[in-house]
Amino acid sequence: DIVIFGTTGSGKSSLINILLASQEAPASNDAIGCTATNNGYLFSIDERKYRIWDTPGLNEGSEGLVPAKVALRNLKSFVKELVRDKNRVPLFILCIEGSLDVKAQLRHYNSVKSTIGAAPFAIVVTGMDRCSSRPWSEWWGEHWEVLQSFGVASVNHACVCT
């Protein structure tokens, strides 16, 4: 299992569509998210099957599809369920929109990191086509201090266009 989480508009669904090479996961550019529940999608790499989970955004207000407190509570519950199953080792991926405030987006990781525990964790920085960081490889270095303050400066990461 691979769980994609992050703020509304961070490119979670778009990233899933890239991996699936289809438009199965509903995606939107609206301020209000379009993912209301944890949605699982099957895909294969080298004949090995995976389930990738799209989750509701963690920053919607009370007027959003899933209010922030509810989305965070549901994500933590889902993470606990996955981590509890000793037959599965889930990968957790935090999606960060590269052109937005990194610190605000990393706070969501802070909210779930104790629940994730020792499970594998990575960051995908999306929207690099909208970032001023050129070349893209410099984005991580430009945000190093903030990443380090959250304890994620050395995790595996990728910077992509979504």
Side-chain angles (χ1 to χ4, degrees), residues 1-60 64-66 68 71-72 74-75 78-79 81-83 88-109 111-113 115-116 119-144 146-147 150 152-162:
D1 288 289
I2 302 168
V3 178
I4 309 289
F5 69 102
T7 60
T8 300
S10 63
K12 299 179 303 294
S13 301
S14 296
L15 176 63
I16 289 170
N17 287 333
I18 290 169
L19 293 170
L20 297 175
S22 72
Q23 295 299 308
E24 281 185 62
S28 171
N29 289 328
D30 292 341
I32 294 177
C34 57
T35 304
T37 60
N38 300 324
N39 298 320
Y41 301 92
L42 290 176
F43 77 107
S44 299
I45 298 176
D46 297 331
E47 298 183 24
R48 188 165 180 185
K49 295 185 188 287
Y50 297 90
R51 183 173 304 273
I52 189 164
W53 294 94
D54 194 4
T55 61
L58 297 174
N59 63 324
E60 291 194 44
L65 195 59
V66 180
L72 182 59
N74 291 347
L75 177 63
F78 183 56
V79 168
E81 178 185 322
L82 289 175
V83 172
R88 297 160 45 179
V89 178
L91 167 64
F92 296 94
I93 298 177
L94 173 63
C95 252
I96 294 177
E97 210 312 328
S99 65
L100 299 178
D101 180 22
V102 176
K103 189 180 281 190
Q105 295 177 85
L106 285 172
R107 285 192 184 105
H108 297 296
Y109 166 68
S111 299
V112 296
K113 73 179 175 184
T115 309
I116 290 172
F121 168 75
I123 294 176
V124 172
V125 183
T126 61
M128 292 306 295
D129 50 323
R130 294 182 295 281
C131 285
S132 59
S133 299
R134 298 280 189 232
W136 297 345
S137 59
E138 293 178 7
W139 186 95
W140 202 258
E142 290 175 10
H143 297 88
W144 180 260
V146 172
L147 294 161
F150 282 87
V152 297
S154 62
V155 302
N156 290 324
H157 64 278
C159 297
V160 300
C161 293
T162 52

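Positions are given from 1 along the sequence. Quick note: numbers below take in every heavy atom, side chains included, and nothing from hydrogens, waters or symmetry partners. Just so we're clear, the structure is a prediction, and the values are computed from it rather than from any experiment.
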ask   = Atom CD1 of I96 and atom NZ of K103: how far apart are they, to the nearest 0.5 Å?
value = 13.0 Å
key: L106 side chain reached by I123 side chain, heavy atoms, under 4.5 Å   = yes
task = Could you tell me which non-hydrogen atom of L15 sits nearest to which non-hydrogen atom of C95, and how far apart they are?
result = CD2-SG, 3.9 Å
query = So, the side chain of K12 versus the backbone of A27: is there a donor-acceptor pair under 3.5 Å, distance only?
reply = no
inquiry  = I need the F5 CZ to N38 CG distance, nearest 0.5 Å.
reply    = 12.0 Å
inquiry  = Looking at every non-hydrogen atom in both residues, tell me the closest pair between A71 and P56 and how far apart they are.
reply    = CB-CB, 4.3 Å
inquiry  = Keeping W139 on the side-chain end and G98 on the backbone end, is there a donor-acceptor pair under 3.5 Å?
reply    = yes
key: Test log, rule side chain to side chain contact (heavy atoms under 4.5 Å, CB included), inputs F150 and L94   = CA-CA 13 Å; F150 282 87; L94 173 63; over 6 Å; no
Contacts of type ring-ring contact (aromatic ring centres under 6.0 Å, His included), residue Y41, not counting sequence neighbours = none
query = With sequence neighbours excluded, what pairs up with S99 under the side chain to side chain donor-acceptor pair (under 3.5 Å) test?
reply = E97
inquiry  = As an exercise, state the distance from SG of C159 to CG of D129, rounded to the nearest 0.5 Å.
reply    = 12.0 Å
task = Identify the two heavy atoms, one from L20 and one from L42, that lie closest to each other, and give their separation to 0.1 Å.
result = CD2-O, 3.5 Å
remark   = Nearest heavy-atom contact between Q105 and D101 is NE2-O, 3.2 Å
Option from D54, N39, T55 for which side chain to side chain donor-acceptor pair (under 3.5 Å) with S13 holds = D54
Side chain to side chain contact (heavy atoms under 4.5 Å, CB included) between V155 and Y109, intermediate numbers included = CA-CA 13 Å; V155 302; Y109 166 68; over 6 Å; no
task = Find the distance between CD (E24) and CG (N17) and round it off to the nearest 0.5 Å.
result = 7.5 Å
ask   = Which of these passes ring pair (Phe, Tyr, Trp, His ring centres under 6.0 Å) with H157: W140, W144, F121?
value = W140
task = Over all heavy atoms of both residues, which pair between L58 and H108 is shortest? Give the atoms and the distance, please.
result = O-CE1, 3.1 Å
message = N59: which residues meet the side chain to side chain donor-acceptor pair (under 3.5 Å) condition with it, sequence neighbours left out?
response = T8
message = Could you walk me through whether L75 and F92 satisfy the side chain to side chain contact (heavy atoms under 4.5 Å, CB included) test, starting with their C-alpha distance in whole Å, then the side-chain angles of each, then the deciding distance to 0.1 Å, before giving a yes or no?
response = CA-CA 11 Å; L75 177 63; F92 296 94; over 6 Å; no
Sequence-distant partners of T115, side chain to side chain donor-acceptor pair (under 3.5 Å), two or more places apart = none
key: salt bridge (Lys or Arg N to Asp or Glu O under 4.0 Å) partners for R88, two or more places apart   = D1, D85
ask   = Out of curiosity, L82 CG to I2 CD1, how far, rounded to the nearest 0.5 Å?
value = 11.5 Å
For F78, ring-ring contact (aromatic ring centres under 6.0 Å, His included) partners two or more places apart = W53
query = Just how far is it from atom CD1 of I18 to atom CD of Q23, taken to the nearest 0.5 Å?
reply = 9.0 Å
